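This structure is a prediction, so every number in the text was calculated from the model and none was measured. Along the sequence shown, the residues carry numbers beginning at 1.
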Amino acid sequence: MKKIISLTGGLLISLTALASETPPLLDVELQHDTATLRQGADVVLNVCAGCHSLHYLKYRDLLEVGFTQAEVDGLRGQLEVTATIAAMSPPDMLKETYGVVPPDLSLIAKARKGGGRYVYTLFNSFYQRPDGTVDNHLFPNIRMPDVLGVASMTDPAQKKEFQESMRKVAAFLEWAADPNAAERRGMGVYVLIYLFIITLLFWLMKRRIWSDVH
């Protein structure tokens, strides 16, 4: 019995230590206005899409975040406007370079606890070890390189500009994971109003039908 208690206690201590080593997500307010989403999309399409795909997002969806038809046509090239957004680099080359194929980003904000805050924190968590190599506090031993050089940033103004850009990237990826969220929430308001009205009508009808019963 003592041995079981000892093992249980050791397991709890190990789990507590593991949880304490995971840094908390940064507190950031994400805006989902068209201008913010458009700027975030620019970074994702010009930087992240070199290695990452957005398989659940079609080129035509970019029209919803401020892209013009001409800009969408320039991005898709010979592909159909209904085609999904693939990584610019071939998957086999990426696997040979990094050991794994980089994950698809279209649902990353849904796949990670914290959503957009997780994405924002991940980009801000790169740091330089004493030996000069780069790692990530939130995702230790991450395969993704610090492509934007955040680990070596020392200028506060540059760091602030980077954080603002990552805030927009996180907002765009949150939108990409559920492009119809705002429309669905808006529709939900009308549904609740409809249910309230029809409930009231049924209640009035019930009172009228049973008004003569004593």
Side-chain angles (χ1 to χ4, degrees), residues 15-57 61-62 64-67 85 87-89 94-95 97-179 181-182:
L15 290 174
T16 303
L18 183 62
S20 63
E21 291 174 2
T22 304
L25 299 183
L26 298 174
D27 189 16
V28 60
E29 184 179 349
L30 300 179
Q31 311 262 336
H32 294 89
D33 57 279
T34 302
T36 297
L37 296 177
R38 166 62 199 262
Q39 292 170 34
D42 281 333
V43 177
V44 171
L45 294 173
N46 290 306
V47 180
C48 306
C51 299
H52 296 273
S53 60
L54 293 124
H55 281 313
Y56 294 96
L57 202 66
D61 294 329
L62 297 175
E64 297 181 32
V65 294
F67 283 78
I85 302 174
M88 298 177 191
S89 304
L94 292 169
K95 186 171 184 178
T97 302
Y98 300 110
V100 293
V101 177
D104 180 80
L105 292 183
S106 51
L107 296 178
I108 197 70
K110 288 284 189 184
R112 296 290 186 270
K113 186 178 180 180
R117 287 179 59 218
Y118 178 93
V119 175
Y120 178 81
T121 304
L122 180 70
F123 280 117
N124 281 278
S125 294
F126 284 100
Y127 71 98
Q128 200 166 50
R129 296 194 188 105
D131 62 1
T133 58
V134 174
D135 201 0
N136 191 285
H137 288 297
L138 185 62
F139 197 132
N141 301 315
I142 192 171
R143 302 287 182 91
M144 182 177 74
D146 181 17
V147 290
L148 297 173
V150 63
S152 58
M153 285 184 187
T154 55
D155 181 18
Q158 184 185 17
K159 188 70 177 288
K160 185 176 180 180
E161 183 180 351
F162 166 80
Q163 290 173 339
E164 178 64 16
S165 180
M166 291 306 101
R167 183 181 67 80
K168 294 172 182 177
V169 167
F172 171 72
L173 290 178
E174 205 168 62
W175 172 85
D178 193 356

A.B. asks: Taking side chain to side chain donor-acceptor pair (under 3.5 Å) as the cut-off, I'd like each qualifying pair that reaches into residues 39-57, sequence neighbours left out, listed once.
C.D. replies: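 Passing the test, one end in residues 39-57: R38-D42, Q39-K168, S53-H55, S53-D104.
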A.B. asks: Quick one: side chain to side chain donor-acceptor pair (under 3.5 Å) partners of E164, sequence neighbours excluded?
C.D. replies: R167
A.B. asks: So among V169, L30, I108, V119, which one has a side chain to side chain contact (heavy atoms under 4.5 Å, CB included) with E174?
C.D. replies: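 Of V169, L30, I108, V119, side chain to side chain contact (heavy atoms under 4.5 Å, CB included) with E174 is met by L30 alone.
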A.B. asks: Please list, chain by chain and in numerical order, all residues satisfying side-chain contact (heavy atoms from CB on, under 4.5 Å) with S89, sequence neighbours excluded.
C.D. replies: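 Only M93, L94 meet the side-chain contact (heavy atoms from CB on, under 4.5 Å) criterion with S89.
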A.B. asks: Taking ring-ring contact (aromatic ring centres under 6.0 Å, His included) as the definition, give me every residue that meets it alongside F139, ordered by chain and number, with sequence neighbours left out.
C.D. replies: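 Expected list: none.
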A.B. asks: If you round to the nearest 0.5 Å, how far is CG of L37 from CD of E64?
C.D. replies: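 With rounding to 0.5 Å, CD (E64) is 10.0 Å from CG (L37).
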A.B. asks: Should L138 and Y118 count as side-chain neighbours, where that means a heavy-atom distance under 4.5 Å?
C.D. replies: yes
A.B. asks: Got a sec, which pairs hit salt bridge (charged side-chain N to carboxylate O under 4.0 Å, His left out) with one end in residues 140-155, sequence neighbours left out?
C.D. replies: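 Of all non-adjacent pairs touching residues 140-155, none passes salt bridge (charged side-chain N to carboxylate O under 4.0 Å, His left out).
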A.B. asks: Taking only residues at least two apart or on different chains, which pairs with a member in residues 151-175 satisfy ring pair (Phe, Tyr, Trp, His ring centres under 6.0 Å)?
C.D. replies: F172-W175
A.B. asks: Kindly compute the distance separating SG (C51) from CG (L105), expressed to the nearest 0.5 Å.
C.D. replies: 10.0 Å
A.B. asks: Is any side-chain heavy atom of V43 closer than 4.5 Å to one of M166?
C.D. replies: yes
A.B. asks: So does L26 get a backbone contact from the side chain of R117, meaning a donor-acceptor N/O pair under 3.5 Å?
C.D. replies: yes
A.B. asks: Taking all non-hydrogen atoms of both residues, which atom of L57 and which atom of P179 are closest, and how far apart?
C.D. replies: CD1-CG, 4.2 Å
A.B. asks: Please identify each residue that fulfils side-chain contact (heavy atoms from CB on, under 4.5 Å) with D27, with sequence neighbours left out.
C.D. replies: none
A.B. asks: Can you name the side chain to side chain donor-acceptor pair (under 3.5 Å) partners of D33, sequence neighbours left out?
C.D. replies: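 Checked D33 against side chain to side chain donor-acceptor pair (under 3.5 Å); matches are T36.
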A.B. asks: What distance separates L45 CG from L62 CG, expressed to the nearest 0.5 Å?
C.D. replies: 6.0 Å
A.B. asks: How about I85 and S106: do any of their side-chain heavy atoms sit closer than 4.5 Å?
C.D. replies: no
A.B. asks: At their closest point, which heavy atom of A87 faces which heavy atom of G50, and how far apart are they?
C.D. replies: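 Shortest heavy-atom contact: CB-O, 4.4 Å.
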A.B. asks: To the nearest 0.5 Å, how far apart are CE in M153 and NZ in K159?
C.D. replies: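 Atom-to-atom, M153:CE and K159:NZ are 7.5 Å apart.
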A.B. asks: Could you give all pairs that pass the side chain to side chain donor-acceptor pair (under 3.5 Å) test and reach residues 119-129, with sequence neighbours left out?
C.D. replies: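 For residues 119-129: R129-T133, R129-D135.
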A.B. asks: Does V147 have any side-chain contact (heavy atoms from CB on, under 4.5 Å) partners at least two apart in sequence or in another chain, and if so, which?
C.D. replies: V47, P145
